[in-house]
Amino acid sequence: MNHQDQTPPTSCARERLHTRSVEYNGYRRQDGLWDIEAELRDYRHYDTQTPTGLLPAQASVHHMAITLTLDDDLTVQDVSARMMSTPFGSCLEVETSLKPMVGARIGSGWRRAITERIGGIQSCTHLRELLANLATAALQTIPTWHAQQTKKQGQSPGGRPHYLGQCHAWRLDGPLVQKIYPKFHQPSQQENP
C-alpha cells in the first residue's frame, strides 16, 4: 500500500537550510558475492563560513560512499570507503578505517560490532552511520533474491523469514503472519482466554 508523498502540513513559511541525501544499492556479482553500496551527501542551501573558509551554497559538506562485499551468509568479505568531500583534510586519514569490519556478520549484534571495531576516533561518524544502516539494504537484497529464486523453481522457502517479528506489520501475532506464514503465527496472550 503506497501513500502519495505529501509535504507535511504547516501554517508557517519555512526556508530549507540543509539537505542530507542517502542512497543504498544492492548488487549481485558474477563471482557469487554481493556488493551493497551506500552514499551520503550533506549540503547547505546558503553560503557557510567554516573553520577552513567559505563553503558555497550547494557545495558538499560531506560526500562519501561505502562498498561492502558480502557472502550469502551476510559475512563481510571486503569493505572500502571513498570520501569525495569532507569538511577537514584530516577526515581523509580514516578513509581506510573500515577494514576491521571484514569477518563481521550482518545480523544480531551488527551495530555492536561496528562500535567495537571502528568506534570513536578510530573512524568517521558518518561512515559508521552509513555502515549501520547498510545492513537493512543487505537484508533487502540478498535473502529476498534467494527467496525469489526458490519461488521461481516452484519450491517453498523452508526457514523462518528474517523479517518476522521485526516490525509491526510482520509481528508474530498479527494477521499478515497468520495469513502468509501460518506456521510461524503465534497468537497473543489476549487471543488465548
Task: pair I36-I106: side-chain heavy atoms closer than 4.5 Å - done: no
Task: side chain to side chain contact (heavy atoms under 4.5 Å, CB included) partners for T50, two or more places apart - done: T48, T52, L55
Task: Heavy-atom pair of closest approach, residues T86 and C91 - done: CB-CB, 3.6 Å
Task: Hydrophobic cluster (4.5 angstrom, side-chain heavy atoms) - remaining members for M84 - done: none
TODO: Would you name the heavy atoms of T141 and G26 that are closest together and state the gap between them?
DONE: OG1-CA, 3.5 Å
Task: Hydrophobic cluster (4.5 angstrom, side-chain heavy atoms) - remaining members for Y27 - done: none
Open item on the list: Quick one: does any side-chain atom of Q153 pair with a main-chain N or O of T150 as donor and acceptor, under 3.5 Å?
Closed with: no
Task: Partners passing salt bridge (charged side-chain N to carboxylate O under 4.0 Å, His left out) against R16 (at least two apart in sequence or in another chain) - done: none
Open item on the list: Assess the residue pair L68 and L98 against the criterion (side chain to side chain contact (heavy atoms under 4.5 Å, CB included)); give the C-alpha distance rounded to whole Å, side-chain angles, the decisive distance to 0.1 Å, and a yes or no.
Closed with: CA-CA 10 Å; L68 192 68; L98 303 184; over 6 Å; no
Task: Value rounded to 0.5 Å, distance of CD in Q178 from NZ in K183 - done: 16.0 Å
TODO: Evaluate side chain to side chain contact (heavy atoms under 4.5 Å, CB included) for V177 paired with Q186, printing each intermediate quantity in order.
DONE: CA-CA 9 Å; V177 171; Q186 298 175 2; over 6 Å; no
TODO: Sort and list the pairs that fulfil side-chain hydrogen bond (donor to acceptor under 3.5 Å, both in side chains) and have at least one residue in residues 89-105, not counting sequence neighbours.
DONE: D78-K99, S97-S123
TODO: Might you point out which heavy atoms bring V94 and Q122 nearest each other, and give the distance in Å?
DONE: CG1-O, 3.9 Å
- [ ] Side-chain contact test, heavy atoms from C-beta onward, threshold under 4.5 Å: evaluate it for T136 versus W110 and give yes or no.
- [x] no
Open item on the list: How close do L70 and A138 get, counting heavy atoms only, and between which atoms?
Closed with: CD1-CB, 3.6 Å
- [ ] Please answer whether the main-chain N or O of D71 pairs with a side-chain N or O of T75 as donor and acceptor at a distance below 3.5 Å.
- [x] no
Task: Of all pairs that satisfy ring-ring contact (aromatic ring centres under 6.0 Å, His included), the ones with a partner from residues 127-155, not counting sequence neighbours - done: W34-W145, W34-H146
Task: Set of residues satisfying salt bridge (charged side-chain N to carboxylate O under 4.0 Å, His left out) with respect to D73, sequence neighbours excluded - done: none
Task: P187 to D173 - nearest heavy-atom pair and separation - done: C-CB, 4.1 Å
Task: Contacts of type side chain to side chain contact (heavy atoms under 4.5 Å, CB included), residue L54, not counting sequence neighbours - done: D47, Q49
TODO: Could you note down all residue pairs passing salt bridge (charged side-chain N to carboxylate O under 4.0 Å, His left out) where residues 116-132 supplies at least one of them, sequence neighbours left out?
DONE: R20-E129
Open item on the list: Could you check whether any side-chain heavy atom of R111 comes within less than 4.5 Å of a side-chain heavy atom of N133, counting everything from C-beta outward?
Closed with: yes
Open item on the list: How close do R29 and D35 get, counting heavy atoms only, and between which atoms?
Closed with: NH1-OD1, 3.1 Å
- [ ] Applying side chain to side chain contact (heavy atoms under 4.5 Å, CB included), name anything that partners S80, two or more places apart in sequence or on another chain.
- [x] T67, R82
Task: N/O donor-acceptor pair under 3.5 Å between Y43 side chain and S21 backbone - done: no
- [ ] List, by chain and then residue number, the residues other than L33 in its hydrophobic cluster (Ile/Leu/Val/Met/Phe/Trp/Tyr, side-chain heavy atoms under 4.5 Å); write none if there are no others.
- [x] none
Open item on the list: Please tell me whether I114 and V102 are part of a single hydrophobic cluster in this structure, the criterion being side-chain heavy atoms less than 4.5 Å apart.
Closed with: yes
Task: Pairs touching residues 46-88 that satisfy ring-ring contact (aromatic ring centres under 6.0 Å, His included), sequence neighbours left out - done: H62-H126
Open item on the list: Could you see if I142 belongs to whatever hydrophobic cluster contains W170? Use Ile, Leu, Val, Met, Phe, Trp, Tyr and a side-chain cutoff under 4.5 Å.
Closed with: no
Open item on the list: Between I118 and M83, is there shared hydrophobic-cluster membership here, with clusters defined by ILVMFWY side-chain heavy atoms closer than 4.5 Å?
Closed with: yes
TODO: Could you tell me whether the side chain of N25 reaches within less than 4.5 Å of the side chain of E39, counting heavy atoms only?
DONE: no
Open item on the list: Hydrophobic cluster membership, with links at side-chain heavy-atom distances under 4.5 Å among I/L/V/M/F/W/Y: are V61 and L40 in one?
Closed with: no
Open item on the list: Are there over 12 heavy-atom neighbours, none belonging to L17, within less than 6.0 Å of that residue's CG?
Closed with: yes
Open item on the list: Are the side chains of M64 and C124 in contact, using a 4.5 Å heavy-atom criterion?
Closed with: yes
